[in-house]
2 protein chains.
Amino acid sequence: MPPGLKDVAARAGVSIKTVSNVVNGYVHVAPTTRARVQAAIEALGYVPNMAARQLRSGRSGVIALAVPELQSPYFAEIAGLIVQAAERRSWTVLIDQTDGLAERERDLVEGLRRHAIDGLIFSPLALAGEELALRDGTPMVLLGERVWHGPADHVAIDNTAAAADATRHLTALGRRRIAAIGVQDKPSAVTAHQRLAGYRTALAEAGLTPDPALEMPAEGFHRADGAAAMARLLDEGAPPDAVFCFNDLLALGALRTLLSRGVSVPGDIAVIGFDDIEDGRFSTPTLSTVAPDAPRIAQLAVDLLAERLGDGSAATGSPRELRVDHRLLPRESTGA
Amino acid sequence: MPPGLKDVAARAGVSIKTVSNVVNGYVHVAPTTRARVQAAIEALGYVPNMAARQLRSGRSGVIALAVPELQSPYFAEIAGLIVQAAERRSWTVLIDQTDGLAERERDLVEGLRRHAIDGLIFSPLALAGEELALRDGTPMVLLGERVWHGPADHVAIDNTAAAADATRHLTALGRRRIAAIGVQDKPSAVTAHQRLAGYRTALAEAGLTPDPALEMPAEGFHRADGAAAMARLLDEGAPPDAVFCFNDLLALGALRTLLSRGVSVPGDIAVIGFDDIEDGRFSTPTLSTVAPDAPRIAQLAVDLLAERLGDGSAATGSPRELRVDHRLLPRESTGA
DNA sequence: AGTGGACTATACAACGTTGCAGTACTTACG
DNA sequence: CGTAAGTACTGCAACGTTGTATAGTCCACT
C-alpha cells in the first residue's frame with residue numbers, strides 16, 4: 001500500500017493538514033516544520049493520490065486529444081506538439097483515436113469521459129455543425145477546418161485560401177489541365193469541400209474551366225487512395241498536366257503510380273500536396289506542399305483551453321475562431 | 001454540478017447503494033426497481049465518477065503506453081494497435097512520449113504517475129538492464145528488444161534472427177559488399193546492437209568478411225540519418241552493392257540519396273529495411289523489409305498486463321519473455 | 001410449525017485529499 | 001496594557017463511490 005498524507009504526518013509528528021499544506025506550498029509553515037515534513041516525504045516516497053485530489057477539486061489535470069488516427073503522420077505530429085504544449089502547463093494528455101467513426105466522436109462529445117478530463121481538444125471528421133454542441137460544460141477546442149460559428153473555440157488555417165495557393169502555384173507554372181484528388185461527397189467532409197472550393201477559385205482566377213472529370217474522389221486520405229485515383233486519372237481519357245492532392249499521403253500515393261508507370265514528375269505531371277509531412281521531404285522527387293504552422297496550432301489550442309479552464313465558468317465568452325498561417329513549399333515535384 | 005448516485009437515488013426513491021447495484025449489474029435487484037432506477041439514470045444523464053471509483057477500488061482503468069516518439073510510423077502503428085487491444089478490455093490508454101530521454105524514462109519507471117495508472121507498457125530507448133526495475137508494484141510490460149532476463153515481462157521479435165534473415169536475403173541475391181546503416185555505440189542501444197549482430201552472423205554464414213567501413217553509424221533512426229549515411233557510403237571509396245538498414249525510415253532516407261544521385265535500385269545497390277511501415281509499400285521503388293507481427297505484439301503486451309493485474313499480487317510469477325514472429329517481405333528494392 | 005436459504009434492499013464506513021473554521025500563540029500599535 | 005492583526009498549526013466535514021454487515025420478506029423443504 002503506498003503511503004498517504006496520514007503516514008507522512010505520523011512520521012513527521014504533525015497533522016495531516018500540515019503535510020497537505022507543505023505539499024501544496026502553503027506559505028504559513030515554519031521552515032523547520034517544512035523541512036521535517038519534506039524529509040518524511042522523501043523517506044516514505046510519498047506521491048499525492050490523484051484520484052483523491054480530483055474527487056475533492058473536480059480537476060484531473062488531464063485533457064483529452066481526439067484525432068481520427070495516429071497512423072496519419074500529420075495527426076501524429078500534431079499530437080506530439082500538443083503533448084509538449086500541455087506539459088508546459090503540467091497537464092497530461094489522453095489521446096483518443098476516433099477512426100473517424102461518428103459513433104466514437106459522439107461518445108466523446110456527449111462526455112462519456114466527462115469526469116476524467118478537464119477539457120477536450122478535438123479534430124472531428126464525421127461530425128459537423130450543431131452535432132458538436134457539448135452537453136455538459138467541459139471546455140472544448142476544435143482543431144482543423146470547421147465552418148462558420150460552431151459551438152466551440154476553434155483553431156485552423158484558412159483552408160480554402162491554402163488550397164487556392166497550392167493550385168495557384170500550379171497555374172503559375174503554366175499548367176492548364178489541373179486535376180484534384182481527394183474530393184468527398186459527405187456533407188461532414190468539410191476539409192475536402194473547402195480544399196475543393198479553393199482549387200476551383202484558383203482555376204477560375206487563371207481563366208480555366210473546371211472539368212468534372214479532373215475532380216477525383218477518394219474514400220480516405222491515404223496513400224492507397226491517392227495511388228488508385230491517379231491510376232484512374234491516367235486511364236480515363238486525356239491525362240492532366242498537374243495534380244493538387246488534398247493531403248500529402250494522397251500525393252505520395254499518386255507519385256507512386258506516376259513513377260511506376262514511367263510518367264515524369266514534374267516533367268509530364270506536376271504534383272503538389274498538403275500538410276508538409278516528413279515523408280514528403282524525402283520522397284523521390286521531393287513533394288511540393290502547403291505547410292500549416294502546426295506548432296502554432298498546437299500552442300493555440302492548449303492556450304485556448306487554458307483560458308476556458310482558468311475561470312470557473314467555462315461558459316464565459318462566445319466561441320472564438322483563430323486563424324493560423326500556412327506556407328507554400330515548392331519542391332521537386334513541381335520543378336523547384 | 002453533474003448528478004451523482006445520490007441524485008439518482010432520490011429521484012428513483014431508493015437507497016444510494018441500490019443505484020450502485022444497478023449500475024454495477026448486481027443480480028439481486030427486482031426488475032421493477034431496476035427499471036425505475038434506469039429511468040432515473042437516463043433522465044438525469046448520470047455518469048459514474050471515475051475519480052471516486054478509483055479512490056475506492058485503487059484501479060483507474062487506465063494503462064500507460066510509453067514510446068520514444070509518435071512521429072515514428074512504427075510506434076504510431078503499435079500505439080494504435082495497443083489502444084484497440086486495450087479497448088476490448090475497456091481500458092483507456094495514456095500515451096507518453098519519452099523522446100528517448102533517460103530522465104523522462106526514469107520518471108516513468110520510478111512511478112511518478114503511480115496512482116493514476118494500473119499498468120505500464122514501455123518501449124525503452126535510453127534505459128536498459130537493471131535501471132528498469134520498478135520500485136513500486138505497478139505491473140510493467142517491456143516492448144521491443146531487451147536483453148536477457150530483465151526485471152519485467154517482455155514481448156519482442158527475435159531481433160538478431162530477423163536481422164540475419166534480412167541480410168541473408170541480400171547474400172542470397174549474390175551481393176558481396178553489403179553495408180549496414182544504423183550502427184550505434186551507446187550501450188543502451190540494444191536494438192542497434194542486436195541488428196548488427198544478426199547482420200554479422202549472416203555475413204559470416206555466406207563466407208563474407210565484415211568490413212568496418214561498411215558499418216555506418218546513425219545518430220537517430222530517421223530518414224535524414226539514413227540519407228546522410230548513404231551519402232557518406234557513396235563518397236568514401238568503393239560503394240556497396242547492397243544495404244541493410246536497421247529500420248525503414250533509414251532505408252527510405254538512403255533510397256532518397258541513391259535515387260537523387262542516379263544510382264539504380266536494386267540494379268546497382270539493393271536496399272532492405274526493417275519494420276514494414278506503410279511508407280515503404282508506396283515508395284519508389286517499394287521497399288523490401290522485415291515485418292514484425294505488430295498486431296500480435298500489441299495483443300500479447302495487453303494480455304500480459306491483464307494477467308498481472310488479474311490477481312491482486314503483481315509479484316506473482318517471474319518475468320516472462322515472449323517471442324513474436326517476423327516475416328521477410330521482398331519488394332522492388334531488392335528486385336522482387 | 002420450524003428452519004434454512006434465496007432474494008431485495010438498506011445503513012455505515014472507508015478510500016486520500018482539501019476547504020473551512022477554529023485554537024493558540026506572537027507581534028504591533030495606539 | 002489591551003486589542004487587533006498576523007503566524008503556525010489542527011480538526012472536521014465532504015467529494016462520490018463501493019464492500020461489509022444487516023434486516024426484513026418470501027418460499028421450500030423438513
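In what follows, every heavy atom counts, from backbone to side chain, and hydrogens, waters and symmetry copies are set aside. Chain naming here is simple, since letters A, B, ... match the order of the sequence lines and numbering starts at 1 in each.
- In plain terms, the two heavy atoms of A:L5 and A:Y46 that are nearest each other are CD2-OH, 3.4 Å.
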Evaluate side-chain contact (heavy atoms from CB on, under 4.5 Å) for A:Q97 paired with A:Q71, printing each intermediate quantity in order. CA-CA 10 Å; A:Q97 210 173 351; A:Q71 261 91 328; 3.5 Å; yes

Let me see the working for A:T18 and A:Y26 under side-chain contact (heavy atoms from CB on, under 4.5 Å), right down to the final yes or no. CA-CA 9 Å; A:T18 300; A:Y26 181 63; over 6 Å; no

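- Of the two residues contacting DNA chain D, namely A:T18 and A:H28, the nearest-nucleotide position lying further toward the 5' end is that of A:H28.
- No engagement by A:V27 is indicated, since no non-hydrogen atom pair under 4.0 Å with the nucleic acid exists.
- Checked options A:R296, A:R320, A:R308, A:R89; the residue passing with A:D303 is A:R89 (criterion: salt bridge (charged side-chain N to carboxylate O under 4.0 Å, His left out)).
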Report, as a single string ordered 5' to 3', how protein heavy atoms within less than 4.0 Å touch nucleotides 14-21 of chain D: B base, S sugar-phosphate only, - not at all. BBBBBBB-

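- When all heavy atoms are compared, the tightest approach of A:E105 to A:S123 is OE2-O, 4.5 Å.
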